[in-house]
Chemist: 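Pasting a structure below so you can have a look.
Worth saying up front: this structure is predicted, and the values here are computed from it rather than measured. Below, each value reflects all heavy atoms present in this structure, side chains not excepted, and no hydrogens, waters or symmetry copies.
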Amino acid sequence: MSLVRVGRPVLAVVYFPLFDEMFTATEGGGAFLNGVRLRVSGKTSLDGALAGTGQAQPGQGPEIADRMGASYSAMAKEALYVRISVPVTHQLAQVAAGRMDLHWQYDNVRAHASGVLLVQEAGGVVTDLDGKPWELTSTEYLAAAPGVHAAALEVLR
């Protein structure tokens with residue numbers, strides 16, 4: 001769940017019952033997991049990075065599937081491990097917790113506002129794939145630890 005004001009997420013609450021993990025964030029107030037403050041990873045190189053992305057959805061057309069497949073292939077050549085899974089917000093929460101180093105997505109990015117806020121408030125960088133700051137109207141994004149963001153952006157361009 002997220003609260004968005006003037007096009008920016010300002011509150012995020014995400015609960016994963018299987019793990020009994022409650023992620024929360026407020027704009028300017030930090031990100032937390034079960035009340036413990038979060039920080040993104042300190043990785044500085046993709047060769048040891050844990051990366052992730054979502055999957056193409058039925059009906060999106062072959063262009064999205066091809067783009068996602070090409071980006072997976074490119075990142076798999078650079079990162080230690082690349083995961084393709086859903087829900088995407090879970091991956092964003094893992095980036096915020098420092099358990100993963102980066103996550104990118106090409107479609108339906110508005111639905112990920114809560115995860116974006118978690119990453120930002122945990123010290124991560126979230127941009128579109130041109131390197132511009134993420135906005136609710138962005139068509140894609142990269143959420144990453146600061147030390148791997150630039151290198152990941154180069155791989156995904």
Chemist: Does a side-chain heavy-atom distance below 4.5 Å link L102 with L142?
Modeler: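 Yes, side chains in contact.
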
Chemist: Can you find a heavy atom in the side chain of Y15 that is under 4.5 Å from one in the side chain of D20?
Modeler: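 Answer yes - side chains close enough.
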
Chemist: Give a yes or no on whether L118 and F19 share a hydrophobic cluster (residues Ile, Leu, Val, Met, Phe, Trp, Tyr; joining criterion: side-chain heavy atoms under 4.5 Å apart).
Modeler: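 Yes; tracing contacts between hydrophobic side chains, which count when under 4.5 Å, links both residues.
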
Chemist: Distance check, rounded to the nearest 0.5 Å: D130 atom CG versus L156 atom CG?
Modeler: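 These two atoms lie 11.5 Å from each other.
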
Chemist: Measuring from R157:CZ to S71:OG, what's the distance to the nearest 0.5 Å?
Modeler: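 Reported to 0.5 Å precision, the distance equals 14.5 Å.
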
Chemist: Any chance you could measure D101, atom CG, to H149, atom NE2, to the nearest 0.5 Å?
Modeler: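 Rounded to the nearest 0.5 Å, the CG-NE2 separation comes to 13.0 Å.
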
Chemist: Would you call R99 and L33 a side-chain contact if the rule is heavy atoms closer than 4.5 Å?
Modeler: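 The answer is yes; the side chains approach within 4.5 Å.
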
Chemist: Kindly assign one of parallel, tilted or perpendicular to the pair Y141 and H103, based on the angle between their ring planes and the thresholds 30° and 60°.
Modeler: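 Answer is tilted, since the angle falls between 30° and 60°.
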
Chemist: Taking side chain as C-beta onward, heavy atoms only, is R83 less than 4.5 Å from M100?
Modeler: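 Sidechains of M100 and R83: in contact.
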
Chemist: According to a 4.5 Å side-chain heavy-atom criterion applied to Ile, Leu, Val, Met, Phe, Trp and Tyr, with indirect links allowed, do Y72 and L129 form part of one hydrophobic cluster?
Modeler: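 Yes, one cluster joins them.
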
Chemist: Looking only at non-hydrogen atoms, find the nearest pair between V126 and V119 and report the distance.
Modeler: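 Nearest pair, atom of V126 first, then V119: CG2-CG1, 3.8 Å.
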
Chemist: Is the side chain of K43 donor-acceptor paired with the backbone N or O of A145 at a distance under 3.5 Å, no angle test?
Modeler: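 No, K43 side chain to A145 backbone: no donor-acceptor pair under 3.5 Å.
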
Chemist: So which heavy atom on S138 is nearest to which on D128, and how close?
Modeler: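 Distance-wise, the nearest heavy atoms are OG-CB, 4.2 Å.
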
Chemist: If only atom types and distance count, is the side chain of Q105 paired as donor or acceptor with the main-chain N or O of G54 below 3.5 Å?
Modeler: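 Yes.
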
Chemist: Transitively linked via ILVMFWY side-chain contacts under 4.5 Å: M75 with M68?
Modeler: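 Yes.
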
Chemist: Would a hydrophobic clustering, with Ile, Leu, Val, Met, Phe, Trp and Tyr connected at side-chain separations under 4.5 Å, put L117 with L136?
Modeler: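 Different clusters: L117 never reaches L136 through Ile, Leu, Val, Met, Phe, Trp or Tyr contacts under 4.5 Å.
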
Chemist: Report the distance from atom CG of L3 to atom OG of S114, rounding to the nearest 0.5 Å.
Modeler: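 Here the interatomic distance stands at 11.5 Å.
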
Chemist: Any side-chain to backbone donor/acceptor pair from E135 onto G7? Under 3.5 Å, distance only.
Modeler: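 Pair absent, no side-chain N/O of E135 close to backbone of G7.
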
Chemist: Give, for atom CD of E140 and atom OG1 of T53, the distance between the pair rounded to the nearest 0.5 Å.
Modeler: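 It is 11.0 Å, given to the nearest 0.5 Å.
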
Chemist: Where is the tightest heavy-atom contact between A122 and A96, given as atom of each residue plus distance?
Modeler: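 Minimum heavy-atom separation between A122 and A96: CB-O, 3.3 Å.
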
Chemist: Could you report the tightest heavy-atom contact between A79 and V82, atom names first, then the distance?
Modeler: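 Taking every non-hydrogen atom into account, CB-CG2, 4.2 Å.
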
Chemist: Using every non-hydrogen atom in the two residues, find where G124 and P146 come nearest and quote the distance to one decimal.
Modeler: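 Heavy atoms only, the tightest pair is CA-CD, 4.3 Å.
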
Chemist: Do any N or O atoms from the side chain of E121 and from the backbone of G28 form a donor-acceptor pair under 3.5 angstrom?
Modeler: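 Yes.
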
Chemist: First locate atom NE2 of H90, then atom CD of E21, and finally report the distance between them rounded to the nearest 0.5 Å.
Modeler: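 Spacing of NE2 (H90) from CD (E21) equals 6.0 Å.
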
Chemist: With a 4.5 Å cut-off on side-chain heavy-atom distances among I, L, V, M, F, W and Y, is there a chain of contacts connecting V13 to L38?
Modeler: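 Looking at the clustering, L38 is in a separate group from V13.
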
